Amino acid sequence: MKRLKHDDYLALRAGATVLEADSFGDKVLRLADGTMLKFFRRKRWLSSAVWYPYAQRFADNGEALHRLRIPAPVIIEVWRIPSIGRDSVHYHPLAGQTLREIIAEGVDPKAEQALKDAFTRFVIRLHDCGVYFRSLHLGNVVYTPDQEFGLIDIADARIGRRRLSRQLRARNLRRLLDSAGECDWVDFQSVVNGALQERPRSL
Ligand SMILES: Nc1ncnc2c1ncn2[C@@H]1O[C@H](COP(=O)(O)OP(=O)(O)O)[C@@H](O)[C@H]1O
Ligand SMILES: [Mg+2]
């Protein structure tokens, strides 16, 4: 991981917009040139982040997803920024909007069911490819102009070689199903079975 000097960091972020922040400071910036800078802090000292930093995992997962032909941010650089005690990943945003943004803007009901079915098929595809996306919720899935789904916020995804078991598929949906507004976006049974189930046609 390259080190970024404080002055260079300040130059990089000049004119940036803060997209996400918490009580510890900025979390995600949109830089003046439209690229994104996401920060990671080490939360605990005795953590696997010491030997495998989250910014690096983000970048490695991005490459692994590209190899699987799953849209994900294209990485520009991974930085350690000692002056602010953060690691960061600099990347191009994925073209498109998150599903959460699309829903907030309003989707017409016919298009909505088609999008939900396509999303369920996408989750099945992730699982078939061995991707366990821990942060699976609609704010971390982007719908691209090519009408594909892609993933952002990929630092804690696990990408293995084998397709996921039924148990893992079910477990991966827990967070999505627990959220009141988003639980009907995925068809649980189809995901666990690994195939989209035909819905009886309404009369
Ligand atoms: N197409 C996109 N590509 C990347 N980030 C996007 C995109 N669209 C919106 N974002 C926004 O970028 C920010 C960073 O996302 P994320 O990595 O999920 O941050 P967080 O850790 O705060 O959830 C969020 O505000 C997200 O909505
Ligand atoms: Mg997120």
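As the structure lists them, so they are numbered: ligands from 1, and atoms in each ligand from 1. Worth saying up front: this structure is predicted, and the values here are computed from it rather than measured.
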### Message
With no hydrogens and no angle check, just 3.5 Å: does a side-chain donor-acceptor pair link R100 and N140?
### Response
no
### Task
Report the nearest protein non-hydrogen atom to atom 2 (C) of ligand 1: residue, atom name, distance rounded to 0.1 Å.
L94 O, 3.4 Å
### Query
Looking at G96, which atoms of ligand 1 are within less than 4.0 Å of one of its heavy atoms?
1 (N)
### Message
Which of the numbered atoms in ligand 1 are under 4.0 angstrom from any heavy atom belonging to V28?
### Response
14 (C), 19 (O)
### Message
Below 4.0 Å, non-hydrogen atoms only: which portion of D153 touches ligand 1? Side chain, backbone, both or neither.
### Response
both
### Task
Identify whether V192 and I124 are in the same connected component of the hydrophobic contact network (ILVMFWY, side-chain heavy atoms under 4.5 Å).
yes
### Query
Looking at D33, D7, D26, which one forms a salt bridge (charged side-chain N to carboxylate O under 4.0 Å, His left out) with R13?
D26
#### Entry: Nearest neighbour of atom 9 (C) of ligand 1 from the list R30, H92, E101, on a heavy-atom basis
E101
### Fellow cluster residues of L37, listed by chain then number, with links counted only when side-chain atoms sit under 4.5 Å apart
L4, Y9, L10, L12, V18, L29, L31, F39, W79, I81, I84
### Message
Looking at ligand 1, is there an atom of it that comes within less than 4.0 Å of some heavy atom belonging to R100?
### Response
no
### Task
For residues A32 and A14, report the shortest heavy-atom separation together with the two atoms involved.
CB-O, 3.7 Å
#### Entry: Nearest heavy-atom neighbours spanning A155 and N61
O-ND2, 3.4 Å
### Task
Please lay out, stage by stage, how R69 and E148 fare under the test side chain to side chain contact (heavy atoms under 4.5 Å, CB included).
CA-CA 11 Å; R69 303 263 179 271; E148 279 190 290; over 6 Å; no
### Message
Considering I152, L19, I154 one by one, which has a heavy atom nearer to atom 26 (C) of ligand 1 than any of the others?
### Response
I152
### Message
Using a 4.0 Å cutoff against the non-hydrogen atoms of K38, which atoms of ligand 1 qualify?
### Response
16 (P), 17 (O), 19 (O), 20 (P), 21 (O)
### Task
Could you list the atoms of ligand 1 found under 4.0 angstrom from a heavy atom of K27?
22 (O)
### Query
Is there a side-chain contact between N172 and V191, using heavy atoms and a 4.5 Å cut-off?
no
### Query
Sorted by chain and residue number, which protein N/O/S atoms are under 2.8 Å from the Mg ion (ligand 2)?
N140 OD1, D153 OD2
### Message
The criterion is ring pair (Phe, Tyr, Trp, His ring centres under 6.0 Å); which residues satisfy it with F122, sequence neighbours excluded?
### Response
F149
### Task
Do me a favour and list the nearest non-hydrogen protein atom to atom 5 (N) of ligand 1 with residue, atom name and distance?
M36 CE, 3.3 Å
### Task
Give the other cluster members for L94, using side-chain heavy-atom distances under 4.5 Å between Ile, Leu, Val, Met, Phe, Trp and Tyr residues; answer none if it is isolated.
V142, I152
### Summary
Nearest non-hydrogen protein atom to atom 24 (C) of ligand 1, with distance, is E20 OE2, 3.3 Å
### Query
Sub-3.5 Å donor-acceptor pair from the side chain of R169 to the main-chain atoms of L164, do we have one?
yes
